[in-house]
J.: 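Can you read through this structure? Questions will come right after.
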Amino acid sequence: MAVTGRLGLLALLAAPAVGFLLPSWAGIGLAAAVLLLVVVLDLILAGSVRRLQFARSGATSVRLGEECEVTLTVANPGGRPVRAWLRDAWPPSAGADDRHRLTLPPGERRVVTTRLLPARRGDRTAVRVTVRSTGPLGLAARQGSHDVPWTVRVLPPFHSRKHLPSRLARLQQLDGRNAVLIRGQGTEFDSLREYVIGDDVRSIDWRASARASDVMVRTWRPERDRHVVLVLDTGRVSAGRVGDAPRLDAAMDAALLLAVLASRAGDRVDLLAYDRQVHAAVQGSTDLLPALVNAMAPLEPSLVETDARGMVAEVLRRTRRRALVVLLTGLDAAPLEEGLFPVLSKLTSRHQLMIASVADPRVAEMAAGRGDAEAVYDAAAAERVLAERRQVTARLARHGVEVVDAVPEDLPPRLADRYLALKAAGRL
């Protein structure tokens, strides 16, 4: 541990006076000399800061918005007690309650606990531990700083997990736990049962009906072990803020809900975060949710235009078999026109593509405004933005691309619903 401080302010003033104490008595008076002597003595009796020993333990990860604790064990191997204020410094975004009062007798140790309430995702690293040890009278102090490394990873909050139970119930229906009739290229035979009014006549098994002397129909269930690839666009479009958070955070929340749902359906889920290079990748993880949140936690938007050609090439390189590729990006016309559209056919020819985009609710509010001339101009601009998004959506649909465009609160459940609809239709 490196000690960066030496003595308190009073100690620095008092120490030079020791050498001139006796000659100065006549000039400064007995009272001042006694005071200086007391200050110097108080400094000498202050416990050593340099010799303190530190060790950390506690939380290494926490979800954004939740509180965690990091403990700091302080040992005093010296021969004098340490009466001190201790500051366990962290970055401001860590939300640390970092000041502690400490009394440490010789040869003993104490544990101080720092509570963190982080305000941002990512890795939050402890800065340093600063100790100010005062003498018995509190007139002088020694101060020093020690490096005691520790990192807490702040994970995405996963607010959309509240939608998981209802989507899992629908998945159970699709999975054949409740009797349903579905048929598509992505389904497989489940069982036979008697025909009831409303069943699809195309599912009647005539041979089985002849043997049973009753009309029998086949039931189908979605095939399992499909491949879902989640692609997070971390380029410029993901940096735009919707409310209090960037679009990237809303995209992460939607991706987490879909990933957990797809894994419960027996599908393999991979993750790729890309703008001009790969920033995170998860492939074939057996413990999916922890792997995803750990990979997403340090991601930040980059203020660069995404290289769509490189992104598509990376997806094709990593994904050989047919898969559902879910691209979480923007629906702005210009970036798509210059980036994704020229290489779209390469992706759609081999995979089923779905694009999920975070819409800004403020645009819809502006489109409805008619209060004054300024509001009308704002409404016209908002309507133009909405019209462009509708045109882009229609063009993507002509290429066979599924599009989900919703505000941050609605994007996760709507994306999950679209996945379930594709699974029910046998299109995965």
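Every heavy atom of this structure was used, including side-chain atoms; hydrogens, water molecules and symmetry mates were not. Start at 1 with the first residue, then count along the sequence.
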J.: Could you work out, with side chain to side chain donor-acceptor pair (under 3.5 Å) as the rule, every residue matching T103, not counting sequence neighbours?
T.: none
J.: Not counting sequence neighbours, which residues clear side chain to side chain donor-acceptor pair (under 3.5 Å) with S57? List them please.
T.: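 So S57 forms a side chain to side chain donor-acceptor pair (under 3.5 Å) with T71.
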J.: Could you state the interatomic distance from CZ (R276) to CD (E305), rounded to the nearest 0.5 Å?
T.: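 With rounding to 0.5 Å, CZ (R276) is 7.5 Å from CD (E305).
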J.: With sequence neighbours left out, write down each residue that passes side-chain contact (heavy atoms from CB on, under 4.5 Å) with P301, or none if nothing qualifies.
T.: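 Partners of P301 under the side-chain contact (heavy atoms from CB on, under 4.5 Å) test: S238, A239, P246, L248.
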J.: Okay, side chain of R121, backbone of L299: is any donor-acceptor separation there less than 3.5 Å?
T.: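 Yes, the answer is positive, given that a donor and an acceptor are paired below the 3.5 Å cut-off.
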J.: Could you give the side-chain donor-acceptor pairs of residues 331-343 under 3.5 Å, partners two or more places apart or in another chain?
T.:
unit_1: E337; atom_1: OE1; unit_2: R395; atom_2: NH1; d: 2.6
unit_1: E337; atom_1: OE2; unit_2: R395; atom_2: NH1; d: 3.4

J.: Look only at the side chain of T151 and the backbone of D123, and say whether a donor-acceptor pair between them is shorter than 3.5 Å.
T.: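 Not a single qualifying donor-acceptor pair exists.
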J.: Decide side-chain contact (heavy atoms from CB on, under 4.5 Å) for L72 and L86; before the verdict, give the C-alpha distance in whole Å, the side-chain angles of both, and the deciding distance to 0.1 Å.
T.: CA-CA 11 Å; L72 182 68; L86 180 147; 4.0 Å; yes
J.: Is there a side-chain contact between L104 and L52 in this structure, where contact means two heavy atoms from C-beta onward sitting under 4.5 Å apart?
T.: yes
J.: For S357 versus L411, what's the shortest heavy-atom pair and its separation?
T.: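 Closest heavy-atom pair between S357 and L411: O-CD1, 3.7 Å.
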J.: Taking side chain as C-beta onward, heavy atoms only, is W85 less than 4.5 Å from T134?
T.: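 Counting from C-beta outward, W85 and T134 never come under 4.5 Å.
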J.: With E365, which residues qualify under side-chain contact (heavy atoms from CB on, under 4.5 Å), at least two apart?
T.: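 For E365 the side-chain contact (heavy atoms from CB on, under 4.5 Å) partners, ignoring immediate neighbours, are R362.
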J.: Could you pull out all residues at least two apart from T319 that satisfy side-chain contact (heavy atoms from CB on, under 4.5 Å)?
T.: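 Applying side-chain contact (heavy atoms from CB on, under 4.5 Å) to T319 gives H227, V229, V315, A323, H351.
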J.: With no hydrogens and no angle check, just 3.5 Å: does a side-chain donor-acceptor pair link H100 and T113?
T.: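 Looking only at side-chain atoms, T113 and H100 do not form any donor-acceptor pair under 3.5 Å.
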J.: Under the criterion side-chain contact (heavy atoms from CB on, under 4.5 Å), I'd like the reasoning laid out for V325 against V231: C-alpha separation, chi angles, the key distance, then a yes or no.
T.: CA-CA 7 Å; V325 177; V231 182; 4.0 Å; yes
J.: Could you pull out all residues at least two apart from Q352 that satisfy side chain to side chain donor-acceptor pair (under 3.5 Å)?
T.: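 Side chain to side chain donor-acceptor pair (under 3.5 Å) check on Q352 returns nothing, list empty.
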J.: Got a second to check how far E300's CD is from D275's CG, nearest 0.5 Å?
T.: 12.0 Å
J.: With a 4.5 Å cut-off on side-chain heavy atoms, are L257 and L415 touching?
T.: no
J.: Ion pair present between R318 and D270, side-chain N to carboxylate O less than 4.0 angstrom?
T.: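 Not counted as a salt bridge, because no side-chain N and carboxylate O are separated by less than 4.0 Å.
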J.: Counting only pairs under 3.5 Å, give me each side-chain donor-acceptor contact of residues 92-99, with atom names and distances, residues two or more places apart or in other chains.
T.:
unit_1: S93; atom_1: OG; unit_2: R124; atom_2: NE; d: 2.9
unit_1: D98; atom_1: OD2; unit_2: R87; atom_2: NE; d: 3.1

J.: Atom CG in L232, atom CG in L272: separation rounded to 0.5 Å?
T.: 8.5 Å
J.: Is any side-chain heavy atom of L171 closer than 4.5 Å to one of L261?
T.: yes
J.: As an exercise, state the distance from CZ of R247 to CG of L328, rounded to the nearest 0.5 Å.
T.: 13.0 Å
J.: Taking side-chain contact (heavy atoms from CB on, under 4.5 Å) as the test, write out the residues that go with P298, two or more places apart.
T.: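 Result, side-chain contact (heavy atoms from CB on, under 4.5 Å) vs P298: R153.
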J.: Only pairs under 3.5 Å count here: list side-chain donor-acceptor contacts from residues 285-297, not counting sequence neighbours, and write none if there are none.
T.:
unit_1: S285; atom_1: OG; unit_2: D287; atom_2: N; d: 3.3
unit_1: S285; atom_1: OG; unit_2: D287; atom_2: O; d: 3.2
unit_1: N294; atom_1: ND2; unit_2: P290; atom_2: O; d: 2.8

J.: Hey, is the main chain of A46 close enough, under 3.5 Å, to the side chain of R80 for a donor-acceptor pair?
T.: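 Checked: pair present.
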J.: Show me the donor-acceptor pairs, under 3.5 Å and distance only, between side chains in residues 374-388 and residues at least two apart or in other chains.
T.:
none

J.: Got a second to check how far M311's CE is from T234's OG1, nearest 0.5 Å?
T.: 9.5 Å
J.: Before giving the answer on salt bridge (charged side-chain N to carboxylate O under 4.0 Å, His left out), spell out for D360 and R241 the whole-Å C-alpha distance, their side-chain angles and the decisive distance to 0.1 Å.
T.: CA-CA 9 Å; D360 190 345; R241 301 187 71 85; over 6 Å; no
J.: Please test Q143 against T130 for side-chain contact (heavy atoms from CB on, under 4.5 Å), starting from the C-alpha separation and ending with a verdict.
T.: CA-CA 7 Å; Q143 180 169 308; T130 301; 4.0 Å; yes
J.: Does T329 reach the side chain of T306, with side-chain heavy atoms less than 4.5 Å apart?
T.: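 A side-chain contact under 4.5 Å is absent here.
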J.: Got a sec, which pairs hit side chain to side chain donor-acceptor pair (under 3.5 Å) with one end in residues 155-164, sequence neighbours left out?
T.: S160-D253
J.: Decide side-chain contact (heavy atoms from CB on, under 4.5 Å) for R309 and K346; before the verdict, give the C-alpha distance in whole Å, the side-chain angles of both, and the deciding distance to 0.1 Å.
T.: CA-CA 10 Å; R309 189 177 301 275; K346 293 183 180 180; 4.0 Å; yes
J.: Measuring only between side-chain heavy atoms, which start at C-beta, is P136 closer than 4.5 Å to P81?
T.: no
J.: Between P156 and L64, is there a side-chain heavy-atom distance shorter than 4.5 Å?
T.: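 No, side chains not in contact.
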J.: Any donor and acceptor pair, going by atom type alone, linking the side chain of R56 with main-chain N or O of V70 inside 3.5 Å?
T.: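 Checking the backbone N and O of V70 against the side chain of R56, no donor-acceptor pair under 3.5 Å is found.
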J.: About how many Å separate OG1 of T73 and CZ of R110, when rounded to the nearest 0.5 Å?
T.: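 Going from CZ on R110 over to OG1 on T73, the span is 11.5 Å.
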J.: Are side-chain heavy atoms of L344 and L396 found at a separation under 4.5 Å?
T.: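 When only atoms from C-beta onward are counted, L396 and L344 do touch, with a gap below 4.5 Å.
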J.: Please answer whether the main-chain N or O of V228 pairs with a side-chain N or O of D267 as donor and acceptor at a distance below 3.5 Å.
T.: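 No.
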